[in-house]
Amino acid sequence: MSDLKTAALEYHANPRPGKLSVELTKATATARDLSLAYSPGVAEPVREIARDPELAYKYTGKGNLVAVISDGTAILGLGNLGPLASKPVMEGKGVLFKRFAGIDVFDIEVDSESPQAFIDTVKRISITFGGINLEDIKAPECFEIERALIEQCDIPVFHDDQHGTAIVTAAGMINALEIAGKTLPEAKIVCLGAGAAAISCMKLLVSMGARIENIFMVDRTGVIHSGRDDLNQYKAVFAHATEKRTLADALAGADVFVGLSGPNLLSAEGLLSMAANPIVFACSNPDPEISPELAHATRSDVIMATGRSDYPNQVNNVLGFPFIFRGALDVRAKRINEEMKVAAANALRELAKLPVPQDVCDAYGGAPLEFGREYIIPKPMDKRLITLISDAVAKAAIETGVATLPYPKNYPLKSVDDVFNG
Ligand SMILES: O=C([O-])CC(=O)C(=O)O
Ligand SMILES: [Mg+2]
């Protein structure tokens with residue numbers, strides 16, 4: 001077994017299975033404590049909530065509790081491996097929500113026979129939570145699932161693989177283009193993959209200035225173009241008239257490669273055919289479309305990012321979902337709208353340009369970090385993420401009228417430890 005495989009299995013198995021547990025937040029030392037926590041005292045908040053449902057936010061953990069929910073149909077870049085196999089990832093999202101944003105998570109794996117069954121299941125349990133993070137659900141079903149749940153639930157519902165990934169990709173992309181001396185409207189972009197993350201990333205790039213006619217989306221059949229009659233409505237948005245048919249055709253002269261597909265699908269030859277200062281976001285997890293080693297050995301002018309924690313430039317939704325939900329929960333936003341997403345992307349992009357504190361450099365091996373080819377996007381360990389992104393999201397929610405609480409007294413948060421110091 002490889003070192004990483006052994007270490008990862010050991011990490012998950014010992015000293016106790018899994019990687020997070022439920023903790024108590026109130027005293028339970030005496031009979032009196034128990035008579036408050038449980039019968040008879042517990043009847044009092046029951047009556048209050050029955051009278052006024054909003055009081056669930058005052059007397060229960062609802063307002064800081066997010067459901068991370070998957071059907072296991074598109075686990076990372078590994079594919080449809082079923083709901084139970086998705087549990088380590090969903091527990092992992094729980095770890096990140098808690099570690100970076102102080103948010104409690106129940107991970108829920110749903111064994112559903114159809115998208116409608118999944119929607120019905122999630123809808124019925126949604127009252128338990130302050131927000132719902134949908135995860136690793138395959139396209140195109142994920143689009144209808146998210147749409148229906150947003151409509152039916154009065155709490156934020158957010159498909160992380162679409163919007164989390166898109167927000168982080170857009171932030172990193174705009175910074176990488178700036179370093180390469182290029183612009184989004186001019187950039188020729190190849191997107192390998194046409195699933196949830198790919199479609200959502202390209203949509204956000206278009207809304208931030210990229211041109212559809214400069215985007216070549218490539219699915220298993222080849223380049224998506226207007227002559228194809230096998231496209232669903234989501235892919236069809238990216239169809240335009242072009243002679244390009246294969247990934248190799250699309251890559252020739254391209255400025256940007258975004259991979260949201262599977263391992264090792266970008267070859268050295270493909271990379272060599274791209275324009276000067278090519279930008280490669282090989283974001284398939286855990287194995288990127290091209291390894292950073294091969295990319296750097298192939299071209300010295302490449303600006304390279306992956307979704308992984310163990311290389312520079314981690315373009316991964318971990319930079320989005322914890323802080324976006326924090327901001328949304330703290331102003332009790334009814335939904336996460338476009339303005340909140342764009343605010344998050346801009347906050348992320350701007351943070352990469354600020355001087356990096358020593359503790360962040362230390363967490364990543366000690367070498368100085370500075371805006372440039374090897375540092376286009378902040379590091380997940382950066383405490384300023386919660387300060388800046390959650391603040392930007394909360395303000396955008398207030399400005400666009402989806403917040404139901406005023407700007408929080410404890411904002412901007414200094415760190416995750418600040419969350420309950422209201
Ligand atoms: O979990 C990750 O590292 C990022 C992600 O959402 C995915 O790949 O589906
Ligand atoms: Mg995911």
Side-chain angles (χ1 to χ4, degrees), residues 4 8 11-12 19-20 66-83 85-101 103 105 107-110 118 131-143 145-146 157-172 191-201 204 258-265 281-289 292 305-325 336 341 344 348 377-381 385:
L4 183 69
Y11 179 94
H12 282 83
K19 46 199 178 203
L20 74 172
V66 166
V68 171
I69 310 189
S70 184
D71 62 0
T73 50
I75 309 177
L76 310 178
L78 301 170
N80 184 350
L81 302 181
S86 78
K87 190 166 172 65
V89 177
M90 303 314 131
E91 290 189 348
K93 297 283 172 183
V95 167
L96 302 171
F97 266 110
K98 184 79 175 192
R99 167 68 177 78
F100 293 127
I103 293 170
V105 161
D107 66 288
I108 297 173
E109 295 73 30
V110 182
F118 182 87
I132 291 175
N133 183 89
L134 301 173
E135 193 68 42
D136 293 5
I137 301 169
K138 83 179 183 65
E141 292 81 355
C142 62
F143 301 118
I145 287 172
E146 190 194 38
V157 176
F158 179 85
H159 183 198
D160 176 40
D161 298 286
Q162 289 185 57
H163 316 299
T165 310
I167 288 163
V168 179
T169 301
C191 177
L192 182 59
I199 285 173
S200 183
C201 281
L204 186 60
V258 179
L260 295 154
S261 49
N264 303 318
L265 297 171
F281 282 17
C283 294
S284 171
N285 291 308
D287 299 311
E289 285 77 2
T306 69
R308 296 170 57 120
S309 306
D310 50 355
Y311 291 101
N313 297 333
Q314 183 181 20
V315 172
N316 185 301
N317 48 32
V318 63
L319 290 170
F321 65 80
F323 315 107
I324 293 166
F325 269 97
I336 295 173
K341 295 173 199 166
L348 194 51
I377 192 119
K379 298 287 190 192
M381 293 290 183
L385 289 164

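Atoms considered below: every heavy atom in the structure, side chains included; atoms not considered: hydrogens, waters and symmetry mates. Counting starts at 1 for both ligands and their atoms, in listed order.
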Atoms in ligand 1 flagged as close to [X], the criterion being non-hydrogen separation under 4.0 Å:
{"X": "D136", "value": "9 (O)"}
{"X": "E135", "value": "6 (O)"}
{"X": "L76", "value": "1 (O), 2 (C), 7 (C), 8 (O), 9 (O)"}
{"X": "K93", "value": "1 (O), 2 (C), 4 (C), 5 (C), 6 (O)"}

- Task: Measure from the Mg ion (ligand 2) to every N/O/S atom of E135 and report the name of the nearest one.
- Result: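 Minimum-distance N/O/S atom of E135 relative to the Mg ion (ligand 2) is OE2.
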
- Which one holds for V318 and ligand 1: side chain close, backbone close, both close, or neither close, with close meaning a heavy atom under 4.0 Å?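 For V318, there is no contact with ligand 1 at all, from either part.
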
- Query: How far apart are the closest heavy atoms of L260 and C283, and which atoms are they?
  - Reply: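 Where L260 meets C283 most closely, the heavy atoms are CD2-CB, 3.7 Å.
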
- Message: Working to 10°, measure the angle at the Mg ion (ligand 2) formed by atom OD1 of D136 and atom OD1 of D161.
- Response: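 Computed angle, vertex at the Mg ion (ligand 2), rounded to 10 degrees: 100°.
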
- Query: Any idea how F97 and F321 line up, ring-wise: parallel (<30°), tilted (30 to 60°), or perpendicular (>60°)?
  - Reply: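 Tilted.
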
- Item | Parallel, tilted or perpendicular: ring planes of F100 versus F323, cut at 30 and 60 degrees |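 Ring orientation of F100 relative to F323: tilted.
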
- Look at atom 3 (O) of ligand 1 and say which protein heavy atom is nearest, naming residue and atom and giving the distance to 0.1 Å.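 Here the closest protein heavy atom is N316 ND2, 2.9 Å.
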
- Write out the residue and atom name of the closest protein heavy atom to atom 4 (C) of ligand 1, then the distance separating them to 0.1 Å.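 Answer, as residue, atom name and distance: N285 ND2, 3.3 Å.
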
- Query: Under a heavy-atom criterion of less than 4.0 Å, does R308 contact ligand 1?
  - Reply: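 Judged by the 4.0 Å heavy-atom criterion, R308 does not count as contacting ligand 1.
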
- Ignoring hydrogens and angles, tell me if any N or O in the side chain of Q314 forms a donor-acceptor pair with the backbone of G307 under 3.5 Å.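 Side chain of Q314 to backbone of G307: a pair is present.
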
- Query: Can you check whether M90's main-chain N or O pairs, donor with acceptor, with E135's side chain at less than 3.5 Å?
  - Reply: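 Here the side-chain-to-backbone pair does not exist.
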
- For residues T73 and N80, is any side-chain donor paired with an opposing acceptor at under 3.5 Å?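 No pair is found: no donor N or O on one side chain lies under 3.5 Å from an acceptor on the other.
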
- Message: Can a side-chain donor-acceptor contact be found between H12 and E91 if the only test is distance below 3.5 angstrom?
- Response: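 The criterion, which ignores hydrogens and geometry beyond distance, is not satisfied for H12 and E91.
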
- Item | N, O or S atom of D160 closer to the Mg ion (ligand 2) than 2.8 Å |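 Looking at D160, which is the residue asked about, there is no N, O or S atom under 2.8 Å from the Mg ion (ligand 2).
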
- Are any non-hydrogen side-chain atoms of T306 and P292 less than 4.5 angstrom apart?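 T306 vs P292: side chains touch.
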
